[in-house]
Each structure stands twice: as C-alpha cells, then as structure tokens.
Amino acid sequence: MRILLISDHADPLAEIGSKEAGGQNIYVFYLAKFLCKLGISVDVYTRWDRKNKKEVVKFNSHLRVIRVKAGPKKYIPRDNFLTVTEEFARNILKKIKKENINYDIIHTNYWFSGIIGLKISKIIKKPLIHVYHSIGKVRFDSLKNYKSQEANNEFFKIRTDCEKEIAQKADRIIATSPVERDIIKNTFGIDEKKIEIITIGVYPKIFHPIKTERARKLIKRENDQKIILYVGRIEWRKGIGTLLYAFREVVKKYPDAKLYIIGGGKSKTSKKLEELEYRRLGEISRELAIEDKVIFWGPKKQDELYKYYSAADVCVVPSYYEPFGIVPLESMICGTPVVASRTGGLKYTVKDGLTGYHFKTRNYADLTGKIITVFGKGKDSYAGNCLKRICDDFIWEEIADQYRDFFNQVIK
Ligand code: UDP
C-alpha cells in the first residue's frame with residue numbers, strides 16, 4: 001500500500017515547539033513512521049518553506065518527505081496558504097507523473113491540504129481521507145468569545161465554506177476523538193457513518209516515566225519544591241496568561257513552587273513571531289511579582305521531554321481552544337497528572353478526577369483550585385490512572401494498526 005500524505009504547513013522534520021510547528025508535525029511524523037513499520041509506504045508532501053531545505057528527504061526505505069514549491073521558498077503566514085493551493089496541487093501532480101507513482105490513498109491534514117487533495121483526487125481518482133486538526137468555526141467562536149483580534153470574520157467564512165466542501169467531497173473523515181466527531185457532524189451536517197474515530201498516540205520509547213527524584217537530578221532541580229510544567233507553543237490561544245494568574249495564587253500557599261515553561265522557536269523567524277507574546281507574558285509576570293519563579297526554558301527535543309514531565313508535580317494545559325492536544329498524553333504516560341481547560345479534545349483525553357482535572361476555560365481561580373488539589377493529594381495518587389489511560393488507548397503502534405485496517409476497508 002502506498003499513501004500520498006499532504007501536510008501543507010506542518011513539515012514532520014521541522015523545529016518543534018515554535019509558533020508554527022507543533023502537534024500536527026508530530027502527528028504526521030509518528031503516523032508515517034508507524035505505518036512504515038507495517039510495510040506501508042508513505043510520501044509526505046509539505047510546502048517548501050526554506051531555500052536551504054532539501055527537496056526530498058528519504059527517511060527510510062518506506063518514508064519520504066517531499067518539499068513542494070508553492071509560493072516563495074520562505075516563511076509565509078499560514079493564513080495566506082489559500083493563494084498557493086493551485087501551485088501546490090500542480091507540483092504534486094508533476095512529481096507523481098515524473099516518477100510514475102501509483103498511490104492507493106490520499107490522506108490530507110488541515111484544510112489547505114484538504115483543498116489540494118480534492119484537486120489531486122479528481123485527477124488520479126483515488127479515495128481521499130481527511131483529518132481537520134482544527135476547525136475554523138470552533139476556533140473562530142472561541143477567539144470571538146475571548147475577544148481576540150485574530151477573530152477575522154471574513155477569513156473564517158471562507159475557511160468554513162472550504163471545510164464544508166471537504167466534509168462533503170472527501171471519501172472519509174477521521175476524527176481524533178468522539179468530541180471532534182460530534183463537532184464535525186454538527187458543523188458540516190454530514191452522515192456520522194462517514195466519520196471514523198482514530199485517536200492520536202504517543203511513543204513509549206520516547207515518553208516513559210522515571211522516578212521524580214531521579215528526573216529532578218537529571219534536570220538539576222531540588223526535590224522539595226513543587227513544579228508546575230507547561231509544554232507547547234508560545235501563543236496567545238494556548239492560555240499561558242491564565243496560567244500565570246493562577247500561579248500567582250498558588251505561590252501564596254506554596255511559596256517555593258516554580259513554573260517551568262517549555263516551548264518556543266530557535267530560528268530568527270520563530271523568535272520574531274513569538275516576540276509579542278513573550279513580551280506580554282514577561283510583563284504579566286513582573287506585574288504579578290512572580291518573575292523569579294517563572295522560568296522560560298525554551299524549546300526541548302522530544303527525546304528529552306520525559307525528564308521534565310517526570311520531574312513535574314503537575315502539567316497544565318490552559319488552552320482557550322484545543323482540537324486534540326498531544327501534550328496531555330505525553331505527561332500522562334510519564335505518570336504526571338494533567339490539569340486542562342474543559343475544551344475540545346482535552347475533555348476526552350484527560351479523565352476528570354482520575355488522571356487530573358478539567359477547569360473552566362480561562363478561569364484562573366478554578367485552575368488555581370485544581371492545581372492545589374493535585375499538590376495536596378500528590379502526583380502518585382494519579383500516576384496509575386494516567387499510565388492506564390494511555391496504555392489502554394493511545395499507543396502509536398496500536399493506532400497504526402487501526403489506520404491500516406481502516407485504509408484497507410476504504411480501498412476495498
Ligand atoms: N513540543 C516539543 N518541544 C517543545 C515544545 C513542544 O517537542 O519545546 C511538542 C510536544 O512534545 C507535543 C507538540 O509539540 O508533541 C505539541 O502538540 P500539541 O498537540 O499539544 O499542541 P499543538 O502544537 O498542536 O497546539
């Protein structure tokens with residue numbers, strides 16, 4: 001079996017943690033990697049966004065990452081991608097023709113890829129399976145609710161129309177949780193039978209628990225302080241601002257507590273994109289007089305993160321909007337409970353009261369209470385449930401099997 005996978009902006013080999021690279025890049029990387037282990041060949045097509053990137057990277061005998069010329073070979077804001085979908089599709093079709101490749105399935109990720117995929121499937125006549133990763137209407141509603149300037153009505157109208165077209169014309173849709181399945185069904189009015197739920201996973205070789213004391217030694221932290229961890233992009237909608245307000249309350253009860261923030265980009269472009277949010281968060285920390293207890297640690301590589309998750313007492317995911325959220329899975333498999341906003345996929349992955357807690361989105365008082373509850377009970381009282389939650393449902397090897405079975409069912 002051979003898969004044509006399109007991931008317009010999310011290059012699976014990109015620098016992770018920066019504003020424009022996170023969960024989707026990780027998902028594409030691991031999905032492709034584990035499908036390959038099952039003998040399925042995958043070509044990942046992504047936009048060529050830097051001159052000095054190679055056009056084709058042969059990751060192994062079954063997996064290639066192919067950068068496609070679509071617009072200038074440099075960073076362009078994701079929201080401008082609609083203007084390059086035509087060129088994107090044309091250049092993929094050229095490649096297919098040149099190499100005479102016979103794909104069995106087109107798997108598209110995010111709405112621009114969906115549009116590109118529809119153009120390609122018309123020509124090569126192969127089934128198209130789409131994963132949304134983020135749904136315009138839900139994102140718009142939450143941004144509007146919280147009065148973000150990013151809530152551009154005109155743009156989201158175009159996006160929603162395109163997403164609806166994809167829902168109607170794709171052969172099948174994958175939802176990453178039952179929560180997303182219901183959103184897709186209700187937003188686009190499609191038959192539930194067209195939607196398959198296949199969740200996202202974690203790789204236990206990379207993420208696994210180690211004893212808290214050992215983890216703290218490895219990251220050179222003391223044993224007697226409480227550690228709150230945030231991992232993810234430095235972006236307004238991730239809700240780090242709310243976490244800072246909650247943290248100020250937490251330190252009233254736990255004066256030695258520390259908040260570690262992991263994420264952000266290293267490249268010049270990433271740093272520029274994150275500048276405003278960093279400045280805003282720095283100002284809030286100073287105003288709240290917690291700046292000596294909040295440590296911005298920058299991005300960390302995936303294979304280092306288990307030490308930080310294992311060292312923490314709690315991991316907080318304070319997003320205002322979160323379609324799925326891989327970070328909670330990574331934390332839970334390291335035995336660390338998660339306190340997450342009651343939104344999107346977080347409602348499904350985090351089991352309230354068992355593997356951590358949900359809190360009312362953007363409500364710092366509720367978040368404070370939940371963090372203090374976890375501190376009071378101790379992380380060990382959640383660890384068993386956390387590990388069980390992940391081992392039962394979120395291991396990549398098993399998820400790849402589900403994908404293989406589903407693909408076979410679609411091409412039959
Ligand atoms: N991540 C990373 N290094 C960092 C920060 C984040 O590898 O410094 C990874 C993190 O481990 C997770 C992904 O980025 O796998 C974030 O995915 P998530 O779905 O939680 O958020 P998204 O990026 O989709 O908003």
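In each ligand, atom 1 is the first atom listed, and ligand 1 is the first ligand listed. Treat the numbers as computed from the prediction; the structure is a model and nothing was measured.
Close approach of ligand 1 to Arg237 (heavy-atom distance below 4.0 Å) involves ligand atoms 25 (O). Every atom of ligand 1 with a heavy atom of Gly325 under 4.0 Å away is listed here by number and element: 19 (O), 20 (O). Distances below 4.0 Å separate heavy atoms of Arg233 from the following atoms of ligand 1: 22 (P), 23 (O), 25 (O). Close approach to Pro299 involves these atoms of ligand 1, each under 4.0 Å from a residue heavy atom: 8 (O). Taking a cut-off of under 4.0 Å to the non-hydrogen atoms of Gly263, the atoms of ligand 1 that pass are 5 (C), 8 (O). Atoms of ligand 1 found under 4.0 Å from any heavy atom of Ile262 (numbered from 1 in listed order, with element): 8 (O). Those atoms of ligand 1 that come under 4.0 Å of a heavy atom in Lys238, given as number and element, are 21 (O), 22 (P), 25 (O). Ligand-side atoms of ligand 1 in range of Gly22: 23 (O), range being under 4.0 angstrom from any heavy atom.
Remark: Glu163 engages Arg159 in a salt bridge (charged side-chain N to carboxylate O under 4.0 Å, His left out) (not counting sequence neighbours).
Ring planes of Tyr245 and Tyr364: tilted class, angle from 30 to 60°. Relative orientation of the His107 and Tyr27 rings is parallel, given thresholds of 30° and 60° on the angle between their planes. Ring orientation note: the planes of Tyr382 and Tyr357 are nearly perpendicular, at an angle over 60° on the 30°/60° scale. In this pair, His9 and Phe81 present their aromatic rings perpendicular. The plane angle is above 60°, beyond the 30 to 60° band.
Expressed to the nearest 0.5 Å, how far CD1 of Ile115 lies from OH of Tyr110 amounts to 10.5 Å.
At a heavy-atom cutoff of 4.0 Å, ligand 1 is contacted by no atom of Lys301, backbone or side chain. In Ile26, the part holding a heavy atom less than 4.0 Å from any atom of ligand 1 is the side chain. Contacts between Val317 and ligand 1, counted as non-hydrogen atom pairs separated by less than 4.0 Å, are absent for every part of the residue. Contacts between Lys266 and ligand 1 below 4.0 angstrom, taking non-hydrogen atoms only, are absent altogether.
Considering backbone and side-chain N/O of Gly298, none are found under 3.5 Å from N/O of ligand 1. Of the N or O atoms in Lys300, one or more lie within a sub-3.5 Å distance of an N or O in ligand 1.
Looking only at atom types and distance, the side chain of Tyr45 has no donor-acceptor partner in the side chain of Asp8 under 3.5 Å away. With hydrogens and angles left out, the side-chain atoms of Tyr320 and Thr242 include a donor and acceptor closer than 3.5 Å.
When atom types are taken as modelled, the side chain of Arg64 and the backbone of Val56 share no donor-acceptor pair closer than 3.5 angstrom.
Within the 4.0 Å heavy-atom cutoff, Glu235 does not count among the residues contacting ligand 1.
Compare Val231, Ile206, Ile16 by their heavy atoms: the one nearest to atom 9 (C) of ligand 1 is in Ile16.
Centroid-to-centroid, the aromatic rings of His133 and Phe324 stay 6.0 Å apart or farther.
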